[in-house]
Amino acid sequence: MSIANPPQAQNTVLGLIEQARQQLETAGVAFGHGTTNAFDEAAWLVLWQLGLPLDSPLGGEPEGEPSVADQVVLPEDAARVQALIERRISSRQPAAYLTREAWLQGVPFYVDERAIVPRSFIAELIADGSIDPWLDANTHRVLDLCTGNGSLAVLAAMAWPEIVVEGADLSADALAVARINVDRHGLQDRITLKTSDGLSALPGPYDLILCNPPYVNAQSMSELPAEYLAEPEMALAGGSDGMDFIRQLLRDAPDRLSEQGVLVLEIGNERAYFEAAFPDLPVFWLETSAGDDQVLLVTREALSPAD
């Protein structure tokens, strides 16, 4: 990034962000792939294009401290920012596909159109220790099913140094992206990537299965904004009620879990469909920043009570 002297200045960082915010709002783009509003999305794109840290403070610094927000940007750099904002609007691609990077719990991950943009609430539960009470000294093998770009597998390996992780997906494209992230974080010795349709090629037994599966019901799929349709459909579409993949998963999981094993499953906004499909299944709903109806935990014992 080139910073101009004030007499040459035409734009500040904050000014570009505000301009981009207005453009994104006017264009009616959809959020949800790392940001939830136009200002945050604008800040992400502007800071990234200018080569500035994405966590740069944009106001409220102590008196006398330099402010990134007030930095002046040369016209040619401002033009590059404008080109990126226009691309975001015209392409309707998630910002993460344009920057080739997404962040979960402060950890950067590579992503492109071959894999869904990582945003699982399971990442919060790994980071804040919410799953830890269900683990013990015998927890050794963890599976990240529907691993996508491998982000949950990486976060699990970082959080629990004593475990080994398998990341599995049916998509060879997604696994290629996951390989980039496993290598990027130097976890080749602890994370193995496998091709599998559900649990079919994964004998286990696993002490913990993490799964953010395709769960969007058919009606919701038909109403998704373009940004979501830019992602691989197989990572989203879950059939008429969103439960197609999950039905098979819950049938197969008892044979793949260790005796004290647990499954942590994300279902997004489909709790009503889940409870209609599995009315007698006892589960634990885990609290996330989006509430207590996005992610559930179910034990092997609950999945196979007759054992």
Side-chain angles (χ1 to χ4, degrees), residues 31-37 40-41 43-44 53-57 94-96 99 101-111 115-169 174 177-178 180-193 206-213 215 235 261-269 271 283-299:
F31 309 109
H33 294 89
T35 68
T36 59
N37 59 77
D40 288 349
E41 184 105 346
W44 176 7
L54 298 186
D55 59 355
S56 296
T99 66
E101 189 170 71
W103 291 71
L104 273 182
Q105 298 303 309
V107 179
F109 294 98
Y110 175 84
V111 69
I116 191 172
V117 176
R119 51 187 179 274
S120 174
F121 290 111
I122 294 174
E124 296 180 8
L125 303 174
I126 294 172
D128 68 15
S130 294
I131 300 173
D132 291 8
W134 301 91
L135 312 179
D136 59 30
N138 296 317
T139 301
H140 183 63
R141 296 186 67 189
V142 174
L143 171 66
D144 175 23
L145 184 61
C146 306
T147 193
N149 83 330
S151 53
L152 292 183
V154 168
L155 291 175
M158 289 178 169
W160 302 307
E162 303 304 317
I163 58 100
V164 293
V165 183
E166 292 177 24
D169 208 291
V177 178
I180 293 171
N181 285 308
V182 171
D183 293 349
R184 175 179 184 176
H185 292 287
L187 293 167
Q188 302 92 324
D189 294 339
R190 295 184 50 218
I191 299 177
T192 302
L193 298 176
Y206 301 103
D207 305 304
L208 170 64
I209 297 176
L210 307 171
C211 186
N212 181 22
Y215 55 68
V262 296
L263 165 66
V264 175
L265 178 66
E266 183 158 339
I267 60 163
N269 297 315
R271 179 170 178 171
V283 303
F284 299 89
W285 294 95
L286 303 180
E287 184 73 33
T288 73
S289 61
D292 63 357
D293 58 359
Q294 301 280 317
V295 181
L296 62 93
L297 182 148
V298 60
T299 65

D207 side-chain N/O to H140 backbone N/O, donor-acceptor pair under 3.5 Å: yes
Where do C211 and I122 come nearest, in terms of heavy atoms and distance? O-CD1, 3.6 Å
Could you check if a side-chain atom of F284 sits within less than 4.5 angstrom of a side-chain atom of V298, using non-hydrogen atoms only? no
Out of L263, L125, I131, V165, which residue meets the side chain to side chain contact (heavy atoms under 4.5 Å, CB included) rule with L210? I131
I want to check something: taking the side chain as every heavy atom from C-beta on, are D183 and Q188 in contact at a cut-off of under 4.5 Å? yes
Over 12 non-hydrogen atoms of neighbours within 6.0 angstrom of CG in N269: no
Pairing donors with acceptors under 3.5 angstrom, does anything connect the side chains of S289 and E124? yes
Looking at L155, is its backbone amide N or carbonyl O close enough to the side chain of H185 to form a donor-acceptor pair, meaning the two atoms are under 3.5 Å apart? no
For A123 versus L152, what's the shortest heavy-atom pair and its separation? N-CD2, 3.7 Å
Determine the minimum heavy-atom distance between L104 and P118, stating which atoms define it. CD1-CB, 3.8 Å
For a 4.5 angstrom cut-off between non-hydrogen side-chain atoms, does T139 reach E162? no
Heavy-atom pair with the smallest gap, counting every atom of A95 and W44: CB-CZ3, 3.7 Å
Mind checking the CG-CG spacing from D40 to N37? Nearest 0.5 Å is all I need. 4.0 Å
Do V164 and R141 have side chains that get closer than 4.5 Å, going by heavy atoms? yes
Distance in Å, M158 CE paired with L187 CG, rounded so as to fall on 0.5 Å steps: 5.5 Å
Would you say the side-chain atoms of E101 and W103 include a donor-acceptor pair closer than 3.5 Å? yes
Answer yes or no: does atom CG of D136 have more than 12 heavy-atom neighbours from other residues, nucleotides or ligands under 6.0 Å? yes
Shortest non-hydrogen contact between Y215 and E266, atoms and distance: CD2-O, 3.4 Å
OG1/T99 to CG/L54 distance, rounded to the nearest 0.5 angstrom? 7.5 Å
Is the shortest heavy-atom distance from the side chain of V295 to the side chain of L265 under 4.5 Å? no
Find the distance between CD (Q294) and CD1 (I267) and round it off to the nearest 0.5 Å. 8.0 Å
Return yes if some donor-acceptor pair links the side-chain N/O of N149 with the main-chain N/O of A178 below 3.5 Å, else return no. no
Within the 4.5 Å heavy-atom criterion, are T147 and L145 side-chain neighbours or not? no
Nearest heavy-atom approach of D144 to A153 is OD2-N, 3.1 Å
If only atom types and distance count, is the side chain of N181 paired as donor or acceptor with the main-chain N or O of F109 below 3.5 Å? no
How long is the straight-line distance from CH2 of W285 back to CG of D292, given to the nearest 0.5 Å? 8.5 Å
Regarding R190 and the six-membered ring of W160, is the cationic atom NZ or CZ under 6.0 Å from the ring centre and inside 45° of its axis? no
